[in-house]
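For reference, the structure I am asking about is given below.
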Amino acid sequence: MTRDEVFNFSAGPSALPTEVLEIAGRDILNYGGTGTSVMEMSHRSKAFIQIHESTKDKLRRALSIPETHEILFLQGGASLQFSMIPLNLMKPDGAGRADYCVTGNFSNSAMKEAKKYGTVNIAATSEAEGHTYIPAQSELKLDPAADYFYYCANNTIYGTEWGYVPETGAVPICCDMSSDILSKPVDVSKFGLIYAGAQKNMAPAGLTVVIIDKSLAGHEMSFTPLMMSYQRMIDKDSMFNTPPCWCIYMLGLVLDWLEKQGGVSGMEKIKSEKAALLYDYLAESKLFRACARPDSRSDMNITFRTGNDELDAEFVKGATAKGFSNLKGHRIVGGMRASVYNAQPIEGVKALVEYMKNFEVAHNV
Ligand SMILES: *Cc1c(COP(=O)(O)O)cnc(C)c1O
């Protein structure tokens, strides 16, 4: 198939804007008259330092990140943050405690990792309901003496998304925004730490963006690996070692593209429109139904099923043949999942809804 024939609904690594890939392709052998590719440059070179700094500036502007917070470009995926957060933010010697909300697979893994370093309080869990909803503020059991409060803003696998930022008093909030960062405005000042693996909504895999309130860094446990100290990375401007140069460059291009779409406010309008197209159809469909509770639905990962595994498989197979790729749900939940991140054009969602309607008619429902 050609790129024009495919609408890629991958949950991650996911679609990047075609325009961004075209610019990267155009400059791949010779970036800005340097005669070298960004992939071949020293990370200490003038050209790369300029890319690094401008990408940070663009991200700071896009999310209105206050000066109290530092931007870090790290590696190890979103998953390394499951360990870095407790290592750096919990009190040492097993005296640390933290609140975790378990609303899916990734927050569950993060919670288990934190248990290695201190006491974990489960502030809320949606496990008994198959992670189909987001707990309300009134359901959160908060520990006022916690070192931090942790949650995952968008549950990529289950298709649920927090519609509010929890109130935690003086306890700093750590948030995994891997799958909804840059899809809407956020008040960064409410957070102690935000992190996101880039491969969902920002750049190719290999980069993790961390936005950290500088006052929280510098208290890591004494045995924290060299590469896992936020303070060290802040001191070295993410260049303690070789950073993921190519991904940082790509993030810069994606941020230029984002600005042309009206920034995060523009993106919020577009993503709401895209999600409404799918959810409105799911509400009226007699064949498909949405998996998540209506008040907890994600605008990024839309999960649905027919209730019949064979029919689900037939739907996915037929969709793939028509160019709607990666619609199969995550293996731990089954069903279908349409990931509609920023780079998914509204035309892709409209075409998918048409395909679903035709499939429904063909199956006489
Ligand atoms: C994909 C994802 C992760 C895991 O990311 P890796 O970079 O593979 O470690 C963690 N949290 C969320 C919300 C995700 O969507």
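Start at 1 and go down the list; that is how both ligands and their atoms are numbered. These numbers come from the heavy atoms of this one structure, side chains and all, not from hydrogens, waters or symmetry mates.
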Is a side-chain N or O of Glu129 found less than 3.5 angstrom from the main chain of Ser126, in a donor-acceptor match?
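It does not hold such a pair.
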Using the salt bridge (charged side-chain N to carboxylate O under 4.0 Å, His left out) rule, collect all pairs that involve residues 142-159, keeping only residues at least two apart or in two chains.
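Every pair satisfying salt bridge (charged side-chain N to carboxylate O under 4.0 Å, His left out) with a residue in residues 142-159: Lys91-Asp147, Arg97-Asp143.
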Do Phe149 and Tyr100 pass the side-chain contact (heavy atoms from CB on, under 4.5 Å) test, and can you show the C-alpha distance, the side-chain angles, and the key distance before you say yes or no?
CA-CA 6 Å; Phe149 170 94; Tyr100 275 75; over 6 Å; no
Cationic N near anionic O, under 4.0 Å, Glu161 to Lys184:
yes
Ligand 1 polar-atom proximity to protein (N/O, under 3.5 Å):
| residue | atom | partner | partner atom | Å |
| --- | --- | --- | --- | --- |
| ligand 1 | 7 (O) | Ala78 | N | 2.9 |
| ligand 1 | 7 (O) | Gln199 | NE2 | 2.9 |
| ligand 1 | 9 (O) | Ala78 | N | 3.2 |
| ligand 1 | 9 (O) | Ser79 | N | 2.8 |
| ligand 1 | 9 (O) | Ser79 | OG | 2.5 |
| ligand 1 | 11 (N) | Asp176 | OD2 | 2.6 |
| ligand 1 | 15 (O) | Thr156 | OG1 | 2.5 |
| ligand 1 | 15 (O) | Lys200 | NZ | 2.5 |

Do any side-chain atoms of residues 189-196 form donor-acceptor pairs under 3.5 angstrom with protein atoms, and if so which ones, sequence neighbours left out?
| residue | atom | partner | partner atom | Å |
| --- | --- | --- | --- | --- |
| Ser189 | OG | Asp187 | OD1 | 2.6 |
| Tyr195 | OH | Tyr150 | OH | 2.5 |
| Tyr195 | OH | Asp176 | OD2 | 3.2 |

Give me each pair satisfying salt bridge (charged side-chain N to carboxylate O under 4.0 Å, His left out) with a member in residues 215-244, each pair once, sequence neighbours excluded.
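Sorted pair list: Lys56-Asp237.
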